[in-house]
Chemist: 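Dropping a structure here in structure tokens format, bear with me for questions.
Reckoned from all heavy atoms, side chains included, excluding hydrogens, waters and symmetry mates.
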Amino acid sequence: MTMTTTNRLLVVVAHPDDETFGCGSLLAHAQAAGVSTVVACATRGEAGSPAPGRGLDGADMARVREAELRAAADLVGVERVELFDWLDSGMDGEPVTGSLCAAPLVEVAEVIASLIDDVRPTVVVTLDASDGHRDHVHVRDATLEAARSSAWEPAAVYLHCLPQLLMRKWVEALRREHPDSEHLGLGDLGTPEEEITTVIDTADLLELRERAIAVHRSQTSPYEVMPADLRQEFLTAERLRRVVPEWDGGPTETDIFTPVGST
């Protein structure tokens, strides 16, 4: 008996590399399961500083990072990439006109809702924004609103989670290796473990995920400062929080794609 599925996955993120640093193994898992995948990215990440020593000083970061996004997405089997036209808001300061955080939430939600109606995803995933980046928060809130207001009704909506315990270990590593990191001023990061509803084992996709991460060479990966064991903990499982339908307890889910037919 061969199981078939009509699942379609839409992943909505804020910057190029969010799809890989955050959801890379989930996207690869979807591709391996025969699920059609679309990534929507709100900005081209032009506020991201080029990683030192990679010959990108003075480069057009929007163009570089868009190319990295498309290449990494292709590597993990994404069928379609949609780029919106907001500017990267950066980490702090007054958001400039045209930036994602300067855009009213309802405006961002309308754009995402239009894409939901076009893609007709069965599952929508966005970032939990528990790393404190304001663009991530704006995309999360807009995506949740879009899923409520779109004409097409996704069967499930998830937040892709950064586990709090692992994030605390990462912060400890940052303090040792990068004591001037702007992330150290963002407070207690990550989603508490008791709020995580879904854990997908993606250990078999680690090598592919690592290759996709390497495509984003313009940026310093958060995994670069992690001890090897912590890096492996982050990259061998995908943790999510189901928000639609609302989680009512029970055993932890081990997948987000459910076969809907058989042949």
Side-chain angles (χ1 to χ4, degrees), residues 11-25 27 39-76 78 81-103 108 127 129-139 160 162 167 170-187 189 206-228 230-231 234-235:
V11 171
V12 186
V13 299
H15 315 105
D17 78 27
D18 290 339
E19 88 298 331
T20 297
F21 293 174
C23 304
S25 293
L27 289 164
V39 166
C41 187
T43 79
R44 287 171 170 79
E46 48 275 293
S49 300
R54 296 179 187 172
L56 293 169
D57 293 343
D60 181 340
M61 291 306 293
R63 180 174 296 179
V64 168
R65 297 191 70 187
E66 177 180 349
E68 290 173 344
L69 164 65
R70 294 186 183 279
D74 184 64
L75 187 60
V76 297
V78 173
V81 173
E82 285 292 323
L83 264 166
F84 303 140
D85 289 325
W86 289 290
L87 300 173
D88 188 337
S89 308
M91 293 289 289
D92 51 32
E94 186 68 23
V96 301
T97 301
S99 67
L100 180 60
C101 282
V108 183
L127 308 171
S130 66
D131 62 351
H133 196 301
R134 60 186 180 176
D135 274 347
H136 296 172
V137 173
H138 210 51
V139 158
H160 187 278
L162 298 168
M167 289 298 283
W170 176 61
V171 167
E172 290 172 7
L174 275 181
R175 286 200 180 100
R176 290 192 305 269
E177 304 294 334
H178 296 275
D180 58 346
S181 172
E182 55 197 353
H183 290 93
L184 293 176
L186 294 175
L189 308 178
L206 179 58
E207 188 271 339
L208 178 58
R209 175 80 171 277
E210 293 280 20
R211 285 166 54 206
I213 289 170
V215 168
H216 288 282
R217 63 182 299 273
S218 74
Q219 300 300 294
T220 301
S221 158
Y223 308 110
E224 289 184 29
V225 300
M226 293 182 186
L230 180 58
R231 182 182 180 116
F234 265 104
L235 296 179

Chemist: Closest approach of Asp18 and Ala14, non-hydrogen atoms and distance?
Modeler: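 So the two residues come closest at OD2-N, 3.2 Å.
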
Chemist: Just how far is it from atom CG of Leu208 to atom CG of Leu27, taken to the nearest 0.5 Å?
Modeler: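 That separation rounds to 10.0 Å.
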
Chemist: Can you tell me how far the CG atom of Leu69 sits from the NE2 atom of His15, to the nearest 0.5 Å?
Modeler: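 With rounding to 0.5 Å, CG (Leu69) is 12.0 Å from NE2 (His15).
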
Chemist: How would you list, by chain and number, every residue that makes a side chain to side chain contact (heavy atoms under 4.5 Å, CB included) with Val96, sequence neighbours excluded?
Modeler: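 Testing Val96 for side chain to side chain contact (heavy atoms under 4.5 Å, CB included), a comparison that skips the adjacent residues, returns Leu87, Ser99.
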
Chemist: With no hydrogens and no angle check, is any side-chain donor or acceptor of Arg231 less than 3.5 Å from a backbone partner on Met226?
Modeler: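 Checked: no pair found.
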
Chemist: Say whether, by atom type as modelled, one donor and one acceptor occur between the side chain of Glu19 and the main chain of Val39 under 3.5 angstrom.
Modeler: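 Side chain of Glu19 to backbone of Val39, a donor-acceptor pair under 3.5 Å: no, none is there.
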
Chemist: Backbone N or O of Ala72 within a donor-acceptor pair of the Thr20 side chain at under 3.5 Å?
Modeler: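 A pair under 3.5 Å: no.
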
Chemist: Mind listing the closest non-hydrogen atom pair of Cys101 and Asp135 along with its distance?
Modeler: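 Distance-wise, the nearest heavy atoms are SG-OD1, 3.3 Å.
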
Chemist: Does the His138 side chain pair with the main chain of Ala103, one donor and one acceptor, at a distance under 3.5 Å?
Modeler: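 It does hold such a pair.
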
Chemist: Please find the pair of heavy atoms, one from Ala212 and one from Val76, that lie closest to each other, and give the distance.
Modeler: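 Minimum heavy-atom contact is CB-CG1, 3.9 Å.
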
Chemist: Within this structure, what is the CH2-CZ distance for the pair Trp170 and Arg175, rounded to the nearest 0.5 Å?
Modeler: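 The CZ atom of Arg175 is 11.0 Å from CH2 of Trp170, to the nearest 0.5 Å.
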
Chemist: Please confirm whether the backbone N or O of Leu75 pairs with a side-chain atom of Arg211, one donor and one acceptor, at under 3.5 Å?
Modeler: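 It does not hold such a pair.
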
Chemist: Checking side-chain contact (heavy atoms from CB on, under 4.5 Å) for the pair Glu66/Val81: CA distance, chi angles, key distance, verdict?
Modeler: CA-CA 10 Å; Glu66 177 180 349; Val81 173; over 6 Å; no

Chemist: Evaluate Leu235 against Glu210 for side-chain contact (heavy atoms from CB on, under 4.5 Å), listing each step before the verdict.
Modeler: CA-CA 8 Å; Leu235 296 179; Glu210 293 280 20; 3.6 Å; yes

Chemist: So which heavy atom on Leu189 is nearest to which on Gly132, and how close?
Modeler: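 Nearest pair, atom of Leu189 first, then Gly132: CD2-N, 4.4 Å.
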
Chemist: Distance from Leu100 atom CG to Arg134 atom CZ, nearest 0.5 Å?
Modeler: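 Here the rounded value is 9.5 Å.
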
Chemist: Side-chain contact, heavy-atom cut-off 4.5 Å: His216 with Ser221?
Modeler: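 No; the side chains remain at least 4.5 Å from each other.
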
Chemist: So do the side chains of Val13 and Leu127 get within less than 4.5 Å of each other, counting heavy atoms only?
Modeler: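 Side-chain contact under 4.5 Å: yes.
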
Chemist: Please test Arg44 against Asp85 for side-chain contact (heavy atoms from CB on, under 4.5 Å), starting from the C-alpha separation and ending with a verdict.
Modeler: CA-CA 8 Å; Arg44 287 171 170 79; Asp85 289 325; 3.1 Å; yes

Chemist: Go through Glu46 and Arg65 one step at a time and tell me if the side-chain contact (heavy atoms from CB on, under 4.5 Å) criterion holds.
Modeler: CA-CA 8 Å; Glu46 48 275 293; Arg65 297 191 70 187; over 6 Å; no

Chemist: Side chain to side chain donor-acceptor pair (under 3.5 Å): which pairs involve residues 51-64, sequence neighbours left out?
Modeler: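 Matches after skipping sequence neighbours: Arg54-Glu224.
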
Chemist: Ignoring hydrogens and geometry, is there a side-chain-to-backbone donor-acceptor pair from His160 to Gly22 under 3.5 Å?
Modeler: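 The answer is yes, because a donor-acceptor pair under 3.5 Å joins these two groups.
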
Chemist: Rounded to the nearest 0.5 Å, what's the gap from OG on Ser130 to NE2 on His136? Could you check?
Modeler: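 Reported value, rounded in 0.5 Å steps: 10.0 Å.
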
Chemist: Does the side chain of Met61 come within less than 4.5 Å of Pro50's, by heavy atoms?
Modeler: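 Yes - at least one pair of side-chain heavy atoms lies under 4.5 Å apart.
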
Chemist: Minimum heavy-atom separation for Phe21 to Pro222, with atom names?
Modeler: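 Closest approach of Phe21 to Pro222, heavy atoms only: CD1-CD, 3.7 Å.
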
Chemist: Please tell me if the side chains of Glu68 and Pro16 come closer than 4.5 Å, counting only heavy atoms from C-beta onward.
Modeler: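 No - every pair of side-chain heavy atoms lies 4.5 Å or more apart.
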
